[in-house]
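Inspection log for the structure reproduced underneath, given as structure tokens.
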Protein chains: 4
Amino acid sequence: MENSKENKFERILNAAIKVIGNKGFHSAKVKDIAELADVADGTIYNYFQNKEDILVTIFKIKLEEYVLNAKREIINIKDPAEKLKVLIKYHIKIMTDNPDLAKVLQIELRQPHIELRSKIRKNLRSYFKVIEEVIEEGKEKGILSKNLNVYLAREMFFGTLDELVSTWVFTGMARDLNDYIDEIYDMLLKAFK
Amino acid sequence: MENSKENKFERILNAAIKVIGNKGFHSAKVKDIAELADVADGTIYNYFQNKEDILVTIFKIKLEEYVLNAKREIINIKDPAEKLKVLIKYHIKIMTDNPDLAKVLQIELRQPHIELRSKIRKNLRSYFKVIEEVIEEGKEKGILSKNLNVYLAREMFFGTLDELVSTWVFTGMARDLNDYIDEIYDMLLKAFK
Amino acid sequence: MENSKENKFERILNAAIKVIGNKGFHSAKVKDIAELADVADGTIYNYFQNKEDILVTIFKIKLEEYVLNAKREIINIKDPAEKLKVLIKYHIKIMTDNPDLAKVLQIELRQPHIELRSKIRKNLRSYFKVIEEVIEEGKEKGILSKNLNVYLAREMFFGTLDELVSTWVFTGMARDLNDYIDEIYDMLLKAFK
Amino acid sequence: MENSKENKFERILNAAIKVIGNKGFHSAKVKDIAELADVADGTIYNYFQNKEDILVTIFKIKLEEYVLNAKREIINIKDPAEKLKVLIKYHIKIMTDNPDLAKVLQIELRQPHIELRSKIRKNLRSYFKVIEEVIEEGKEKGILSKNLNVYLAREMFFGTLDELVSTWVFTGMARDLNDYIDEIYDMLLKAFK
DNA sequence: AATGAATGAGCGTTCATTCAT
DNA sequence: CATGAATGAACGCTCATTCAT
């Protein structure tokens, strides 16, 4: 019974995250994903339209889930600065807890194939929106500078975290990113004040 | 005709930047590069070991040149803060002046293929070193915070610029990044103080 | 509901004629036939051994029916010439009344797969026999030439009608083949006299 | 030197005629054609756009050649009836001399794939035109009936020959079609008078 | 009988690289 | 050095058929 349909979809998705994370989308073979998921090649096409659809679905599901939970994390917090800290923590936690997913995100957000990349990055926007709303709120409450360019602040916020995770991923996940949370927070807050 | 060999190497390299920038390394066909460089397919193999070598060589030559010139730009400047500003300007200038190269750098630094990526990113280290040395100097001269984590500061510095260029590249180079230089500089300086 | 089984066999067969007629045997997908017949894919295999068997069965049933009715049409006619005319009329009537079946017959009688083709064409022989018997009768009754080669006459008879229907099918069933009946009859009769 | 480019094109084309003639277009594997032509799979794609293009090229080249030669055969003949006879002879000669090509023509002119078929049959029109012009000439010279429907006459002419060749091909090329030339000619001429 | 999810063999095509000229 | 025809391994996807329910 554990081979239920629901299960198979999850199994394929998780296998795909592993394989794509390690080889990159293009070098990931459908056959490898199928093998790891313990299904036949053809079975994948009962759950996904094609190989691209697997990658797009990963981003859709995982980023939606990410944004949903990120919102939950900050919903009861009053202080926008504290919200930013939680967003930093959450970003780093999710990535370090899911290294395979982290690899996929780091690599494929810069997918060379333009249409595929645009399908993928679409799902990033709502995350950007969350960050920007918190920054906006900070400005309104007088905690962040009134002259702060929200777009630039978000680029700095995301760019910094993204680069940290990127380095972490590409150096074999050696460091513990949690050690940096306080310092990152302090630097970003100063930048935004 | 006496510059034919030199010429051909350059022509192939520049053609490769264009083609790889527009299609990504994997989708770029050797034949396309050869055509654009106006040489035969086989000729490319007189100048490069293989397709990977072309990409690696682009990074080697272009990043070495970048670092050399970046150093020249700041060598006569005393104020570390001013040096940072010049580095920001220079980063943005080079990228916006060479959109094809910018695309290659943005996309291929996150090359999925692990060994290829590591060959590519090796060339990034000396750029990182330049940034870190300026930050270090700023700390020593009391302009930047004594407690500043240089590694994190460099990640923030590069991460922010990289994300800005990335967005610029992926949105069809619509904005003028030069408009942001002052604000970026202010934010980074505050973060580092 | 009591005619469900009978019904299903018929439904599958008719769906198959439609789908095969429009796509050709090879491109016709079992799934498409099942969908059009409103049964599950697997159900088809309760009524037919495999995909080939569907095609063979179409020819068996439809050609048997054709020959049976063709015989009925001419059984009470005395004049062999008149019989030929009725056969022409009937051939054209059946084809134009059942364009999907016509397409299947036109195309699949020249099925490239040798064994499948031979199974299919076996069912054609009794039609050929009907034609040849009428021609033979015409010779015996002195209406057709005593020197007429019956085999060749039948080839001409069938070949002409087959080519006409073929053109009709391949040109989107534009013309009205009934307009040609008298002329065809006159030409064939002159040829056979 | 016999492996010249010209040679390879011919070799592939002839191999394709053999393989497609025996298996049908769809079941013919590109690999089989390559093997028979003694080239690598990929080499085929230096001479043809794709598999379809091979079939279309066969028809284009062979039918053009056929029509050209058929015209040559009749150009110096005055009597339209005699021309018809030569056309019959030539049709049967070409087919019986090239059984593999004959198979391809017989089978693939009724290609189920609509667009492919239309590309193929386009090449048939100029043959039809030759036949129709001779029939027209026969009418004008008073040798054939003034009331003869040229379209129908051509359908009968081609349909008869096509059916004869079809039967010949599908029965393992047992008979000698040359034996029938005089009788066919007599019957067709009577039909057209 | 009916279902439809699962299977996996099979194939057209691409393209980096080679090498005879 | 330069050429470009030739090579052939590699892979995403399809679909007839099976079989547990």
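All chains are named by letter (A, B, ...) in the order of the sequence lines, taking the proteins before the strands, and each is independently numbered beginning at 1. If you're wondering where the values come from, they're calculated on a predicted model, not measured in any experiment.
Contacts of D/A34 with the nucleic acid, taken as non-hydrogen atoms under 4.0 Å apart, are absent.
Listed nucleotides: F/dG12, E/dC11, E/dT14. Nearest to the side chain of D/Y45: E/dT14. Here the side chain of B/T43 is nearest to one of F/dT3, E/dA16, F/dA6, namely F/dT3. Nearest to the side chain of B/A40, among F/dG4, E/dT7, F/dA6, sits F/dG4. Comparing E/dA6, F/dG12, E/dT13 by their nearest atom to the side chain of A/N46 picks out E/dA6. Side-chain proximity of C/Y47 to the nucleotides E/dA5, F/dT3, E/dA2 is greatest for E/dA2.
A side chain to side chain contact (heavy atoms under 4.5 Å, CB included) with C/I58 is found for exactly one of C/I120, C/L101, C/L105, C/N14, namely C/L101.
Across the interface with DNA chain F, nearest-nucleotide mapping of C/N50 and A/Q49 shows A/Q49 to be the residue nearer the 5′ end.
Put simply, CD1 on D/I44 is 12 Å from C1' on F/dG8, counting in whole angstrom units. Following rounding to the nearest Å, B/H26 (NE2) and E/dT14 (C1') show an atom-to-atom distance of 10 Å. Between D/I54 atom CD1 and E/dC11 atom C1' there is a gap of 13 Å when expressed in whole angstrom units. Rounded to an integer number of Å, the gap from B/I12 CD1 to F/dA2 C1' is 11 Å.
Residue A/K51 places no side-chain N or O under 4.0 Å from the OP1 or OP2 atom of F/dC13. Of the side-chain N and O atoms in D/K8, one or more sit less than 4.0 angstrom from OP1 or OP2 of F/dA6. Put simply, A/K31 has no side-chain N or O that comes within less than 4.0 Å of OP1 or OP2 on F/dC11.
For the pair C/K51 and C/F25, the cation sits on the ring face: its NZ or CZ lies under 6.0 Å from the ring centre, inside 45° of the axis.
Side-chain atoms of D/N22 never come within 3.5 Å of backbone atoms of D/V19 as a donor-acceptor pair (strictly under, hydrogens ignored).
Between D/A15 and D/I33, the shortest heavy-atom distance links the atoms CB-O, 3.6 Å.
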